[in-house]
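One structure is given below, encoded as structure tokens.
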Protein chains: 6
Amino acid sequence: MTSTAPQHDISSPDNLARRRHGLSVLSEIDGHRGEAVLDSLADINPALGHHVAAFAFGDIYDRPGLDRRSRQLVTLGVLTALGSCDPQLRVHIGAALNVGLSREEITEALLHAAVFCGFPRALNATSVARDVFAEQDDAHP
Amino acid sequence: MTSTAPQHDISSPDNLARRRHGLSVLSEIDGHRGEAVLDSLADINPALGHHVAAFAFGDIYDRPGLDRRSRQLVTLGVLTALGSCDPQLRVHIGAALNVGLSREEITEALLHAAVFCGFPRALNATSVARDVFAEQDDAHP
Amino acid sequence: MTSTAPQHDISSPDNLARRRHGLSVLSEIDGHRGEAVLDSLADINPALGHHVAAFAFGDIYDRPGLDRRSRQLVTLGVLTALGSCDPQLRVHIGAALNVGLSREEITEALLHAAVFCGFPRALNATSVARDVFAEQDDAHP
Amino acid sequence: MTSTAPQHDISSPDNLARRRHGLSVLSEIDGHRGEAVLDSLADINPALGHHVAAFAFGDIYDRPGLDRRSRQLVTLGVLTALGSCDPQLRVHIGAALNVGLSREEITEALLHAAVFCGFPRALNATSVARDVFAEQDDAHP
Amino acid sequence: MTSTAPQHDISSPDNLARRRHGLSVLSEIDGHRGEAVLDSLADINPALGHHVAAFAFGDIYDRPGLDRRSRQLVTLGVLTALGSCDPQLRVHIGAALNVGLSREEITEALLHAAVFCGFPRALNATSVARDVFAEQDDAHP
Amino acid sequence: MTSTAPQHDISSPDNLARRRHGLSVLSEIDGHRGEAVLDSLADINPALGHHVAAFAFGDIYDRPGLDRRSRQLVTLGVLTALGSCDPQLRVHIGAALNVGLSREEITEALLHAAVFCGFPRALNATSVARDVFAEQDDAHP
């Protein structure tokens, strides 16, 4: 690194570059939704926003070892199992559509998850999917 | 249904057929491991074994809406996020290999999950993967 | 099975019979609430609705090994511990009343759960109970 | 309170009385197992042991609003759903037998829980039940 | 104890004293918010309210072994990890401010938690923090 | 960044520097234990090991916004609440001692956590603490 800024300094040129790259990955995958989440963190917890972009999207999502469709299937599994992740499910069901999963594959994935984490988690995730699909229909009727 | 047995009777001809079908799906996906789990339930909780076979594998895993590779990615996401599912991760990491995921894709999926459910869950699932891979190497050196 | 439809076909006569039986169990236990949940799945994830009815209620709830009061106590324990299951708690607190648990027994069960899953989960479940009791009072003042 | 000791002093006469009462409830319900857990806390975290006895058993378990059979059903639901509670499940499956639940009712409760928290949690709890039943058989062949 | 009331009787003089002490600790830590939660339990589950005050605050929070700033850091870690604890996070982020943690330390703690329980839980807790800080700004502009 | 390697390339000079820095933070905090965990990942999931070092320790742990004692209190809260994190609790109870928390403060933190995530989680974390303390006593008798 040419920069002499400490690694934790999220305003260093290195971290700015990492964040910028992460944001470009994020916008490929999630379109506008994900960016809105990060913007909303600028005042309250900018470092959290930085690491979502730089680490989660720049470092991990962009790795070549697994295609994006596969990453979204894993993500749907994790978020459904955790529960209480409605805002994140909303972003990632949108992302799943963006990277080529069909609505039917998404709801099938949620049914599949019910076997392992029970029906309530699958029902709640399906309810978020309903909202995302409806918004999409409203936007492109 | 031709049978007049109540639906909950796991020994009825209908349920026997459903269980037999589920067991064939299970053995396609998991080979011998899954069957061993079910055998171990015969004495203690046979109805639980029945529903794992008839429902989880016969009804759900076998549905055409999502290919098996995709189902295993969702399954890995759910089991990693839940934590405390080592025996099930063991079966389903084996199954992931059986349905065509590479070792690298499996460990990549666990790294990906870390973003959403934290490093401890990913580390513990990776530790199960190490054991499954080592067993496989021992069996086919 | 006389049907030659594949087991996963939720429109087969066998599965229709299983679903119909499950729905009758569901309506005995939950009255109208549970059915409304299933109706809302018809468009978005009909297979999930089928398996809630056919499997959860037709196969499991109706088993003779445990009376319905006992099943609702287990259910309250599970849903309270999971957290983030407000819609399901709403259905099953209503069901608990239907199968003969008193309001006092229900809130006592939630207090009891606090020992094992902590006060926040018990407080949140109690808050759902308050809503269900209030709705009941409004309906039958 | 006659004592002038602060409420948090677990060695005050008041707290000693509360702990002693809790221990008597615990030994009615769990026999020797629970007491062994508390003894093992004496060196490392005596206040945790005090509150398990005085609060969990003395204050809560002993309340009249729900009979012990019902309390154990809620407890089984919570512990199965939480996962990673093998030592506590061991104590409380033993307790469930002590307060009159049959082996069949206990395993039925675990199957029932699978609907709400998924098969892996039910399978792992069943595996603890198998150990508790086997120990009981060894002790009283 | 001079009282001959059973230990579980939350209206006994001993329990009234324990509850009163817990309420004074609660109001030191949480100001008015916590008390409002307890008031709301008076009708629906008074024993739950009693034990939150008498046990959680009177017995545990007031123990000398850990200062209040440290207790709030542990509490933030637990509530963030559990998820689905928005009302409790709201109370305890307010309490964290009351006992001397700065806004920056609180949001830093939530970022720190992301490493161990994943970004979704940290994002959701940060969203509650934003609301608490905004309310505080509205009250003292 | 002077490097033209893609951001996800964990062997690039930039990432090597980030990992090296993270490892130095890790060894300050955890001594030898944490490093052993990372070494064990070299064969199976080297990228997971990289991100534990570079992100978790290099990016986050080292941030100035919260002192290390405070970070360990949050960490203990999160790991206790998650459950099924024994290897991580072992590392971080050791780390807590290293950064200046006393044994009594650590066990007090686990008791405190019981209020929010229930006694079973606190009991299991205390059992890990007992092992860590005993190992320390064996090493420095």
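Every chain is numbered from 1, with letters handed out A, B, ... down the list of sequences. Values below: all heavy atoms of this structure, side chains included; hydrogens, waters and symmetry mates excluded.
Contacts of B:Leu79 with chain A are made by side-chain atoms alone, with heavy-atom separations under 4.5 Å and no backbone atom involved. For A:Asp67, the part lying near chain B is the side chain, with the backbone staying farther off; criterion is any non-hydrogen pair under 4.5 Å. With a threshold of 4.5 angstrom between heavy atoms, A:Arg121 does not approach chain B through any atom at all. Looking at B:Thr80, there are no atoms closer than 4.5 Å to chain A (heavy atoms on both sides), in backbone or side chain. If you measure heavy-atom distances from B:His92 to chain A, the contacts under 4.5 Å come from the side chain alone.
Nearest heavy-atom pair across B:Phe116 and A:Leu82 is O-CD1, 3.3 Å. Across A:Ala56 and B:Val115, no two heavy atoms sit closer than the pair CB-CG1, 3.6 Å. Scanning all heavy atoms of the two residues, the minimum distance from A:Val74 to B:Ala113 falls at CG1-CB, 4.4 Å.
Rounding to the nearest 0.5 Å gives a distance of 8.0 Å between CG of B:Leu101 and CG of A:Leu66. Atoms CZ and CG, from A:Arg63 and B:Leu111 in turn, are 5.5 Å apart once rounded to the nearest 0.5 Å. Here the OG atom belonging to B:Ser70 is positioned 4.0 Å from the CZ atom belonging to A:Arg69, to the nearest 0.5 angstrom. Between B:Thr75 atom OG1 and A:Leu73 atom CG the span is 10.0 Å, to the nearest 0.5 Å.
Using cut-offs of 30° and 60° for the angle between ring planes, the B:Phe119 and A:Phe55 rings count as tilted.
Chain A forms the most heavy-atom pairs under 4.5 Å with one residue out of B:Arg71, B:Glu104, B:Glu105, and that residue is B:Arg71. Between chain A and the residues B:Gly65, B:Cys85, B:Ala114, the largest count of heavy-atom pairs under 4.5 Å involves B:Gly65.
By the neighbour-count criterion of 12 heavy atoms within 6.0 Å, atom CG of B:Asp43 is sparsely surrounded, having that number or fewer from other residues, nucleotides or ligands.
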